[in-house]
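In what follows, a structure is listed as structure tokens, so that the remarks can point back to it.
Order of the sequence lines fixes the chain letters, A, B, ..., with proteins taken first and strands second; residue numbering starts at 1 for each chain.
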Amino acid sequence: MQSPLPFFPEQASNFAGNVDALFSYILVTAIFFTVLVTLLAVFAAFRYRRKNASDIGAEIHGNTALEIGWTLIPLILALGMFAWGAVIYVNYRTAPKDTLDIYVIGKQWMWKLQQPNGRKEINELHIPVNRNIKLILGSEDVIHDFYVPAFRVKMDVVPGRYNTMWFRPTKVGKYHFFCSQYCGTNHALMGGWVTVMDPAEYAAWLSGESGDVSPVSAGEKLFTQLACTTCHVPNGTGRGPSLNGVYGAKVLLADGSTVTADEGYIRESILQPKAKIVAGYQPVMPTFQGLVTEEQILNLTAYIKSLQTQPVPAKGAGVAPATSGKK
Amino acid sequence: MSATAAAPVKTLPEHHYLNATYGIRSWLLTVDHKRIALLYLVSVTFFFFIGGFFAMLIRLHLLTPSGYLLSADTYNRMFTMHGVAMIFFFLIPSIPAVLGNFFIPLMIGAKDLAFPKINLLSWYVYVVGAAFTLYSMVSGGLDTGWTFYTPLSTIYSNSAVAPAVVGVFITGFSSILTGLNFLVTIHTMRAPGMTWFRLPMFVWAHYATSIVMILGTPVIAITLALAGMERLFGLGFFNPAMGGDPILFQHLFWFYSHPAVYIMILPAMGVISELIPTFARKQLFGYHFVAAASLAIAVIGFLVWTHHMFLTGQSTYAALAFSFLTFLVAIPSAVKTFNWVATLYGGSISFDTPMLYAFGFLGLFLIGGLTGLFLGCLGTDIHIHDTYFVVAHFHYIMVGGAIMGYLGGLHFWWPKMTGRMYPEWLARIAALILFVGFNLTFFPQFLLGYLGMPRRYHVYPPEFQVYNVMSTAGASILAIGYLLPMIYLTWAAFFGKVAGDNPWPATGLEWKTQSPPLTENFEVTPIVTWEPYDFHNRPDLGLDAVASNGVAPAHGDD
Ligand SMILES: [Cu+2]
Ligand SMILES: [Cu+2]
């Protein structure tokens with residue numbers, strides 16, 4: 001099935017083809033220059049080899065036109081590589097809106113993954129084919145990295161913050177994923193399998209027996225338990241802003257700037273509430289650093305994200321009015 | 001006419017720096033830059049063999065997917081200590097502290113470096129740093145990776161991190177002192193007539209390297225000091241649980257450690273820029289452009305550090321800027337390569353061992369440099385970052401480039417340093433073994449990387465085995481390639497044929513004095529009246545003054 005000396009790994013995501021094409025472009029350029037320089041050097045070595053022990057070379061100092069040429073041509077080729085690479089990277093770092101969000105926590109030395117409906121997995125990830133998938137990555141200890149070679153994607157999993165990565169699997173199958181940031185003793189064992197399934201099969205798998213509570217309802221329960229509800233009143237009359245519709249929207253801050261409320265912003269607001277104060281509110285919220293686990297933060301985040309569809313109150317919302325967003 | 005016919009039997013000069021004084025004290029308290037260079041030679045060779053031993057264990061362990069030799073913890077210690085020994089205690093000091101120390105004063109016609117006692121101090125600082133690091137290696141070892149990433153290194157690691165961090169911290173000062181000494185020496189101690197544009201390219205390369213050493217090394221010292229305090233006293237600079245930022249550590253670390261790559265490769269480029277003109281008997285093509293390229297690399301090299309961090313979640317804009325600058329820094333290296341090849345044209349090329357190393361360097365540096373493009377490019381870096389592709393790439397630069405340059409330089413200058421010649425044919429064969437062994441070891445790792453094998457894995461999925469076996473096979477050939485020069489160079493230092501003052505002959509000032517040189521280098525301070533690498537106006541070299549390859553002289557406007 002596989003050649004004994006494989007070169008490209010399987011292509012199983014929207015990024016794979018493009019990354020391989022860019023790789024091939026750089027490879028062809030690199031081979032061209034390697035062959036060119038090697039041939040020139042080998043030719044010169046034979047053509048100008050020393051014939052008599054006391055021979056010397058010709059008097060040649062340099063050539064400015066040549067210097068300019070071999071500065072500019074590589075520069076132009078390199079800028080082409082830069083531009084193509086930039087296009088892929090910007091696309092990769094900008095997740096589309098319609099993603100299926102999966103919560104991933106790395107810890108020494110295992111991965112805990114959770115589907116939107118709460119189904120949990122360890123070192124296994126089941127996803128439907130041809131859906132945009134977003135992974136929200138958090139770490140309980142050191143830096144890890146979630147890497148799926150067949151998808152050509154990876155992202156560091158950094159304690160104290162969320163990183164996100166997205167991709168669209170294009171081929172049903174089972175693919176390795178690895179931890180690719182060295183994380184201590186069993187770094188090499190910190191991997192598993194991504195199973196890409198037909199949507200129908202995925203739906204069946206998802207509804208299978210799990211007994212896990214969805215992150216949204218777990219988060220909702222926590223939200224009450226931690227008394228977040230006393231200040232973040234949905235109708236905007238509390239001491240803190242209403243969180244309805246906040247996720248994905250622009251938030252106007254006390255210093256006049258705006259910030260897009262993504263997972264990272266929500267996390268930061270829970271752990272370091274004084275870092276970014278919403279305009280019109282006092283910095284009265286206590287920090288929850290050390291009081292909530294990584295998993296609980298993820299649950300809270302999932303719940304706050306679920307409020308995106310709730311009606312935004314006219315007054316007391318965390319969302320910036322459409323007109324006031326200045327740069 | 002033949003230079004060898006009826007040549008009188010050569011003998012070593014009566015007085016030279018090696019027999020000026022005797023006894024262990026005369027070495028340990030010497031302020032002669034040449035003796036200090038030899039002290040460094042012994043110490044860095046020691047670390048090279050420690051690092052090489054770890055490398056051998058790593059490669060043997062990886063023969064099978066399940067790794068049959070070492071436990072996970074031991075394996076992690078092996079690759080960490082391999083990296084620390086090789087980078088901080090071998091590669092960074094190797095060419096500057098050995099060859100630079102020995103030859104910069106000779107090449108510019110000076111009696112010594114500007115600060116001979118500081119030069120000796122820098123070796124002692126190195127030794128103290130090395131002692132701390134060795135202590136870490138024997139008292140629990142180090143398992144953080146040579147990159148010391150936090151919070152693994154500061155909070156979670158169970159190994160002897162603190163002494164290693166202290167060791168690397170201390171050794172940094174040795175590097176700073178050396179750089180400072182070189183800069184002042186090059187500025188103030190050039191012989192009459194040795195203008196800036198008559199300096200050998202080796203000196204230019206060390207000028208650029210010294211700038212990097214002085215400006216970069218303090219940053220790694222601060223970084224490691226902060227990490228050490230976090231580990232020992234629980235201060236939360238990088239620990240997210242205490243409000244610190246682990247990514248900040250990476251910024252600080254790479255702010256030094258990317259330029260550190262140039263501390264390793266620029267001096268090697270300097271060596272190559274000596275070897276090619278010497279063995280092609282021809283001026284260096286585009287002298288001014290090669291010198292400018294060294295400085296450009298040193299400056300732009302400080303502005304590319306986050307290309308090691310494209311996937312840490314850093315801002316997209318930062319990634320774009322740093323990727324762009326990374327492509328820019330590739331250009332001066334390309335310019336140098338083209339100039340080296342152009343120098344061959346119209347030359348009178350011999351294939352003495354140093355030249356074989358120069359050719360080897362060209363090939364390996366070419367591959368190493370070009371594969372850097374894949375990593376500096378944002379789109380492909382997403383896939384190959386932190387895989388074996390990276391491992392292969394930086395070994396091509398640091399082992400293929402820097403060590404080939406170092407060995408080429410050692411062979412080239414061995415007759416000057418010891419007064420004796422190494423066995424030529426054995427040396428040529430060793431150079432060939434090295435080249436083959438190197439490629440067999442590291443080329444398969446590019447393929448492993450693109451297939452997705454992450455680095456620093458003590459076990460791996462079976463589909464990666466073929467290339468790992470190749471790599472291990474190559475490593476055993478490579479090991480022979482390193483042992484051979486070590487043995488015959490040592491032998492030659494005592495029993496080799498007496499070389500004479502200028503066996504190649506070469507044009508530099510270091511060849512105008514006896515071999516081995518006097519303690520004060522020159523009997524009278526030389527006066528320089530010729531351009532670098534000019535074989536045409538140097539009747540003292542005993543060569544035909546007319547070019548012999550049918551190429552008309554051309555005075556370009558370099
Ligand atoms: Cu990990
Ligand atoms: Cu770098």
- Most chain A-contacting option - heavy-atom pairs closer than 4.5 Å, from B/Phe535, B/Tyr533, B/Phe374: B/Phe374
- Query: chain A heavy atoms under 4.5 Å from B/Gln250: which part of the residue, side chain, backbone, both or neither?
  - Reply: side chain
- Task: Side chain from CB out, backbone as N, CA, C, O: work out which of these in B/Ser323 comes under 4.5 Å of a heavy atom of chain A, or both, or neither.
- Result: both
- With sequence neighbours left out, what residues match A/Gln296 under side-chain contact (heavy atoms from CB on, under 4.5 Å)? A/Leu222, A/Val292, A/Thr293
- Message: Can you tell me which portion of A/Leu79 sits under 4.5 Å from chain B's heavy atoms? Options are side chain, backbone, both or neither.
- Response: side chain
- Message: Given heavy-atom pairs under 4.5 angstrom as the criterion, report whether the side chain, backbone, both or neither of B/Met470 touches chain A.
- Response: side chain
- Please state whether the side chain, the backbone, both or neither of B/Arg455 comes within less than 4.5 Å of a heavy atom of chain A. backbone
- Query: Considering only heavy atoms, which portion of A/Asp156 lies under 4.5 Å from any heavy atom of chain B: side chain, backbone, both, or neither?
  - Reply: both
- Note on the structure: Bottom line for A/Leu66: the part with an atom under 4.5 Å from chain B's heavy atoms is side chain
- For B/Val459, is it the side chain, the backbone, both or neither that has a heavy atom under 4.5 Å from a heavy atom of chain A? both
- Note on the structure: Heaviest contributor of heavy-atom pairs below 4.5 Å to chain A, chosen from B/Leu373, B/Thr337, B/Leu447, is B/Leu373
- Item | Structural part of B/Phe464 lying under 4.5 Å from a heavy atom of chain A | side chain
- Task: Find the one option among A/Phe33, A/Phe43, A/Phe46, A/Tyr182 whose heavy-atom pairs under 4.5 Å with chain B are most numerous.
- Result: A/Tyr182
- Message: What part of A/Gln181 gets within 4.5 angstrom of chain B, counting heavy atoms only: side chain, backbone, both, or neither?
- Response: both
- Taking B/Phe351, B/Phe279, B/Phe359 one by one, which has the highest count of heavy-atom pairs under 4.5 Å against chain A? B/Phe351
- Interchain contact, A/Tyr147 with chain B, by part (heavy-atom threshold 4.5 Å): side chain
- Select one option (side chain, backbone, both, neither) describing which atoms of B/Phe238 are under 4.5 Å from chain A's heavy atoms. neither
- Message: Is B/Ala330 in contact with chain A via its backbone, its side chain, both, or neither, using a 4.5 Å heavy-atom distance?
- Response: neither
- Query: What part of B/Phe338 lies closer than 4.5 angstrom to a heavy atom of chain A: side chain, backbone, both or neither?
  - Reply: both
- Item | Structural part of A/Tyr92 lying under 4.5 Å from a heavy atom of chain B | side chain
- chain A contact via B/Tyr460 - side chain, backbone, both or neither, heavy atoms under 4.5 Å: neither
- So among A/Leu135, A/Val104, A/Ile136, which one has a side-chain contact (heavy atoms from CB on, under 4.5 Å) with A/Thr164? A/Ile136
- Message: Quick check for you: among A/Val153, A/Val148, A/Val42, A/Asp20, which has the greatest number of heavy-atom pairs under 4.5 Å with chain B?
- Response: A/Asp20
- Item | Contacting moiety of B/Ile331, where chain A heavy atoms sit under 4.5 Å | side chain
- Message: Is A/Val19 close to chain B through its backbone or its side chain, or both, or neither, when contacts mean heavy atoms under 4.5 Å?
- Response: both
- Please round to the nearest 0.5 Å and tell me the distance separating atom CG of B/Asn76 and atom CG of A/Asn186. 8.5 Å
- Query: Heavy-atom distance under 4.5 Å to chain A: side chain of B/Asn339, backbone, both or neither?
  - Reply: both
- Note on the structure: If one checks every heavy atom of B/Ser159 against chain A at 4.5 Å, the contacting part turns out to be neither
- Note on the structure: A/Asp262 meets the side-chain contact (heavy atoms from CB on, under 4.5 Å) criterion, sequence neighbours left out, with A/Tyr265
- Which region of A/Gln272, side chain (C-beta onward) or backbone (N, CA, C, O), has a non-hydrogen atom less than 4.5 Å from a non-hydrogen atom of chain B, or is it both or neither? neither
- Let me know if B/Phe324 has heavy atoms under 4.5 Å from chain A in its side chain, its backbone, both or neither. both
- Item | Any side-chain donor near an acceptor of the partner, A/Thr185 and B/Asp73, under 3.5 Å | yes
- Message: Between B/Leu344, B/Leu152, B/Leu541, who has the most heavy-atom pairs with chain A when the cutoff is under 4.5 Å?
- Response: B/Leu152
